[in-house]
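Quick caveat: nothing in here was measured; it's all calculated off a predicted structure.
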Number of protein chains: 2
Amino acid sequence: MVSSSVSGEPRKVTIHDVARSAGVSRQTVSRALNDKDEIDGSTKQRVLDAARALGYRPSRFARGLVRQDTTTIGLVIPDLLNPFFTEVAAAALEAARARGWHVVVYDTADRAEEERGTLQVISSQVDAVVGYFSCPEDELQLFTRGMPVVLIGREHHTARFSSIRIDGEEGVHAAVAHLVAAGHTRIGMLDHHGRVDPSIRREWFTTAAVSHGIDADVVVGADQSADGGGAALRALLYAHPDVTAVFTFNDIIAIGVLREARRLGRSVPQDLAVIGFDGLQLGALVEPPLASVALDTRKLGALAIEQVARLLTGADPLAEDDLVVRAELRLAGSA
Amino acid sequence: MVSSSVSGEPRKVTIHDVARSAGVSRQTVSRALNDKDEIDGSTKQRVLDAARALGYRPSRFARGLVRQDTTTIGLVIPDLLNPFFTEVAAAALEAARARGWHVVVYDTADRAEEERGTLQVISSQVDAVVGYFSCPEDELQLFTRGMPVVLIGREHHTARFSSIRIDGEEGVHAAVAHLVAAGHTRIGMLDHHGRVDPSIRREWFTTAAVSHGIDADVVVGADQSADGGGAALRALLYAHPDVTAVFTFNDIIAIGVLREARRLGRSVPQDLAVIGFDGLQLGALVEPPLASVALDTRKLGALAIEQVARLLTGADPLAEDDLVVRAELRLAGSA
DNA sequence: TTGAAAGCGCTACCAC
DNA sequence: GTGGTAGCGCTTTCAA
């Protein structure tokens, strides 16, 4: 039993209803609403009044169907509250706006489940997808069938999707070189933890440390939060009291380190030099300002959007070599 | 002269093309793509192959037209990089996701021009609008004709639009009371500047100060940035060297104050107590942690979405009294 | 200035 | 299991 007109659920007002109510044809309504010239002033007013009275709003689907001129892309972010992703999102938004595109933002809360749900729903809502995904490529491909996809921050390029790779090798090398030149011989790293394998950022650190002839195994895992950074610093200093410099997986962790160092009575950078990774704007707000192996997040977003544009129009996509953002050491008070 | 098939611009592949290519009808294509049961496995595969070969992707407009079940709202934010708006945006996204809605995010870069452009374009892309607008109501109404609109953070409710009001009166009163109880008699405020009239937050401060019998005119304008906060603190201390406590327009400014105080050799909270406004998560990252008259940004976002939902379904909208988020004093290391 | 008709690309509801 | 037909709500020809 389906009673069609229960309370609430006001049936959609269409252009037809407005036409009837104003005593004109649908085309005339369309003319009035779209500010066309070929319409009498009084008729137009009458139509507009009727439309308002009925609470009419044109269907964006019907309209989009007939004049297909809008591009909408989906931006998938693990956590908008994480400043790094905020910066990437802002950059992508800006680049998209420059092209007149619309961006639907999805925050997957860093959960695979949400990621899947987003993928399900996204394919019928956007023309292309940009963002971060942790799920396997097979699954990704399954849900995005044929839709252009650009992954951000993948460690390696993949065969099936375009991706923007982050290359921090030189930057991390420069960071370690700087610390060594400043006289540090025991440099610790606070890697992220929780995943099984060590991060690629740790690999960069290891390579750099080895090439400078210093220990590369003074590493402790940290939760990716300021609190996590603080706790990890304590653990690190407990295990290796002779450490005088720290490189961290990212800036958030580094900020926790700065805070914890102060609480421990260690002054930065005299007693402890700190270099983060990401180059967040946030790093300038703390005291001392955070040195960091910095990523150009705007370039990250712009590149992703550029590649999507090419994929969408069928133009030659950018080659892998061009889809790279290199991190650069940016010195500041903390080192 | 219209040459229809210039290079680039690949004409849209429709379900019809796929049907022809696979030698089936359009309905069968539809069935294959939508995972319906009533289709032979091999047929399905053939259709899927054809679709992929042709690079077919269903039109979201056509699809949306026929099964109108998706709600998309536009979220308009002045600056996504501003942590406060980031928090509001994240909250709105979360609330929208809980309802299965899509959210198109527009960053107006705090420019009236962009705001207008966004408004122009938004009306044909979303079912409702939530967010911040600085343009006059007339203009707003012009562009949003009939579309539900919920304004956030307006100082007063308006007749024409729903709005979520922020009420910091009690919170600011509590902040001043706390400072007075701690023995402070000269409390400065760093207001935002750039606008003509003093902010409503300043009014709250004034009221609270007067009611505690202390000067309410120790006020300096600050740019809404950490640097602005630092500069304003210097100006404030220069003009009023006896100030021992500062209340700021927002947390960003307060964080600049914290940093500047350290540089000036003033320890917080001993030499200078600091209380911000907003209650950003960011406040917990600095040292000492920032005391603040805190807003529940999640409630802000959730309320806005809730009201949009009511407007959209025709349910009874929330009354003005329910569309308020009250700020509460949250003490921390800085005060 | 206005109206009739066609069709955008897709899915739902029937027949077969 | 598959195909025809009829729309979804709108704008764009083209006639009147």
Colleague: Can you tell me if A:R60 and B:T72 form a side-chain donor-acceptor pair at under 3.5 Å?
Modeller: yes
Colleague: Rounded to whole Å, please give me the gap between OH in B:Y56 and P in C:dG9.
Modeller: 10 Å
Colleague: Take atom CG of B:D35 and atom P of C:dT11, then tell me their distance rounded to the nearest Å.
Modeller: 12 Å
Colleague: Strictly under 4.0 angstrom, non-hydrogen atoms only: write out the protein contact profile of nucleotides 3-8 of chain C, one letter per nucleotide from the 5' end, B, S or -.
Modeller: BBBB-B
Colleague: Below the 4.0 Å mark, does C:dA12 have OP1 or OP2 next to a side-chain nitrogen or oxygen of B:K36?
Modeller: yes
Colleague: Taking OP1 and OP2 of D:dT2, is either one under 4.0 Å from a side-chain nitrogen or oxygen of B:T43?
Modeller: yes
Colleague: For B:R46 and for A:L33, find the nucleotide of DNA chain D with the closest heavy atom, then tell me which residue's nucleotide is more 5'.
Modeller: B:R46
Colleague: Between D:dG4 atom C1' and B:H16 atom NE2, what is the distance in whole Å?
Modeller: 12 Å
Colleague: Could you walk me through whether B:T108 and B:E115 pass the side chain to side chain donor-acceptor pair (under 3.5 Å) test, one step at a time?
Modeller: CA-CA 5 Å; B:T108 55; B:E115 216 171 90; 4.6 Å; no
Colleague: Counting only N and O atoms by type, is there a donor-acceptor contact under 3.5 Å from the side chain of A:T86 to the main-chain atoms of A:L80?
Modeller: yes
Colleague: So, is B:S30 close to the C:dT11 phosphate, meaning a side-chain N or O under 4.0 Å from OP1 or OP2?
Modeller: yes
Colleague: Can a donor-acceptor pair be found, under 3.5 Å and without considering hydrogens, that links the side chain of B:T313 to the backbone of B:A309?
Modeller: yes
Colleague: Would you mind reading off the distance between B:D40 atom CG and D:dT2 atom C1', rounded to a whole angstrom?
Modeller: 10 Å
Colleague: Between A:R63 (CZ) and D:dC8 (C1'), how many Å, whole number?
Modeller: 16 Å
Colleague: Roughly, in whole Å, what's the span from CD1 in B:I15 to P in D:dG3?
Modeller: 12 Å
Colleague: Does the pair B:R326/B:D296 count as a salt bridge with the N-to-O cut at 4.0 Å?
Modeller: no
Colleague: Take B:Q141 and B:R160 through the side chain to side chain donor-acceptor pair (under 3.5 Å) test and state the conclusion after the steps.
Modeller: CA-CA 8 Å; B:Q141 183 154 46; B:R160 289 187 271 187; 2.7 Å; yes
Colleague: To check you understand the geometry: which heavy-atom pair defines the closest contact between A:R57 and B:P148, and what is its length?
Modeller: NE-CD, 4.0 Å
Colleague: Is B:K44 touching bases, backbone alone, or none of the nucleic acid, heavy atoms closer than 4.0 Å?
Modeller: nothing
